[in-house]
*Asks:* 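Below you will find the structure I want to go over with you.
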Amino acid sequence: SFWICDLVLHSIPEVDESHWKRYADYLTTLKGPDYPKIVFDYIHKEDSPRPIMEQIRLLETVGFKEIEILHKNNLFAAFGARKDLTS
């Protein structure tokens with residue numbers, strides 16, 4: 001089994017933009033108006049979020065089966081799959 005909890009993008013640009021704005025608003029309430037830029041710059045440098053459906057297709061391409069999306073909220077998702085290692 002392979003399980004992931006990760007920052008994800010959305011395949012529909014308008015949905016993605018809306019969620020990034022929502023996340024920026026949340027970060028602003030935490031530590032002020034400069035904080036979203038700090039977090040987003042760090043994400044740009046250290047992470048490579050991809051749409052969850054793209055990641056699901058990649059799992060299928062490399063032989064994972066029984067793919068399950070456990071949870072998706074805003075820009076975060078938990079998902080995973082099983083791969084038969086005997087074949």
*Asks:* Mind checking the NE2-CH2 spacing from His10 to Trp20? Nearest 0.5 Å is all I need.
*Replies:*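 One finds 9.0 Å between NE2 of His10 and CH2 of Trp20.
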*Asks:* Lys65 and Arg82: side-chain contact (heavy atoms from CB on, under 4.5 Å), yes or no, with the steps?
*Replies:* CA-CA 5 Å; Lys65 308 288 182 201; Arg82 286 198 257 194; 5.6 Å; no
*Asks:* Any salt bridge between Asp41 and Lys45, counting N to O under 4.0 Å?
*Replies:*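 Answer for the salt bridge query: no.
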*Asks:* Surrounding NZ of Lys37 (heavy atoms of other residues, nucleotides or ligands, distance under 6.0 Å), is the total greater than 12?
*Replies:*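 At most 12 heavy atoms, drawn from other residues, nucleotides or ligands, come within 6.0 Å of this atom.
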*Asks:* Give the minimum heavy-atom separation between Lys83 and Val62, together with the two atoms involved.
*Replies:*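 Heavy atoms of Lys83 and Val62 come nearest at NZ-O, 2.8 Å.
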*Asks:* Could you go step by step and tell me if Val8 and Leu75 meet the side-chain contact (heavy atoms from CB on, under 4.5 Å) rule?
*Replies:* CA-CA 5 Å; Val8 295; Leu75 297 174; 5.6 Å; no
*Asks:* Group every Ile, Leu, Val, Met, Phe, Trp and Tyr by side-chain heavy-atom contacts under 4.5 Å, then state whether Val39 and Leu7 land in the same group.
*Replies:*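 Yes.
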*Asks:* Applying a strict under-4.5 Å side-chain criterion to I, L, V, M, F, W and Y, I'd like to know whether Phe64 and Ile4 cluster together.
*Replies:*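 Shared cluster, yes.
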*Asks:* Does atom NZ of Lys72 have more than 12 heavy-atom neighbours, drawn from other residues, nucleotides or ligands, at distances under 6.0 Å?
*Replies:*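 Buried by this count: over 12 neighbours within 6.0 Å.
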*Asks:* What distance separates Glu14 CD from Asp16 CG, expressed to the nearest 0.5 Å?
*Replies:*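 One finds 10.0 Å between CD of Glu14 and CG of Asp16.
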*Asks:* Quick one: pull up OG in Ser18 and CD1 in Ile12 and give me the separation to the nearest 0.5 Å.
*Replies:*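 Atom-to-atom, Ser18:OG and Ile12:CD1 are 11.5 Å apart.
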*Asks:* Under the 4.5 Å side-chain heavy-atom rule for ILVMFWY, direct or indirect, which residues accompany Tyr42?
*Replies:*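 Once heavy-atom contacts under 4.5 Å are chained together, Tyr42 still belongs with nothing else.
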*Asks:* Can you measure from CZ (Phe79) to CD1 (Ile52) and round to the nearest 0.5 angstrom?
*Replies:*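 The distance works out to 5.0 Å.
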*Asks:* For Glu17, does the CD atom have more than 12 heavy-atom neighbours from other residues, nucleotides or ligands under 6.0 Å away?
*Replies:*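 Open.
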*Asks:* Quick check: closest heavy atoms across Ala24 and Pro36, and the distance to 0.1 Å?
*Replies:*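 Taking Ala24 first and Pro36 second, the nearest heavy atoms are O-CG, 3.3 Å.
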*Asks:* Fit a plane to each ring of Tyr23 and Phe40, take the angle between them on a 0 to 90° scale, and name the class: parallel (under 30°), tilted (30 to 60°) or perpendicular (over 60°).
*Replies:*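 Tilted.
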*Asks:* Tell me, with the steps shown, if Ile69 and Ile56 meet side-chain contact (heavy atoms from CB on, under 4.5 Å).
*Replies:* CA-CA 9 Å; Ile69 299 172; Ile56 297 298; 4.3 Å; yes
*Asks:* Do Trp3 and Leu70 pass the side-chain contact (heavy atoms from CB on, under 4.5 Å) test, and can you show the C-alpha distance, the side-chain angles, and the key distance before you say yes or no?
*Replies:* CA-CA 10 Å; Trp3 299 101; Leu70 303 172; 3.8 Å; yes
*Asks:* Should we count CG of Leu30 as having more than 12 external heavy atoms under 6.0 Å?
*Replies:*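 Atom CG in Leu30 is packed in, count exceeds 12.
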*Asks:* How far does CG of Leu58 sit from CD1 of Ile67, to the nearest 0.5 angstrom?
*Replies:*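 The CD1 atom of Ile67 is 10.0 Å from CG of Leu58, to the nearest 0.5 Å.
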*Asks:* Nearest 0.5 Å please: distance from the CZ atom of Arg50 over to the CG atom of Asp6.
*Replies:*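 Output value for this atom pair is 10.5 Å.
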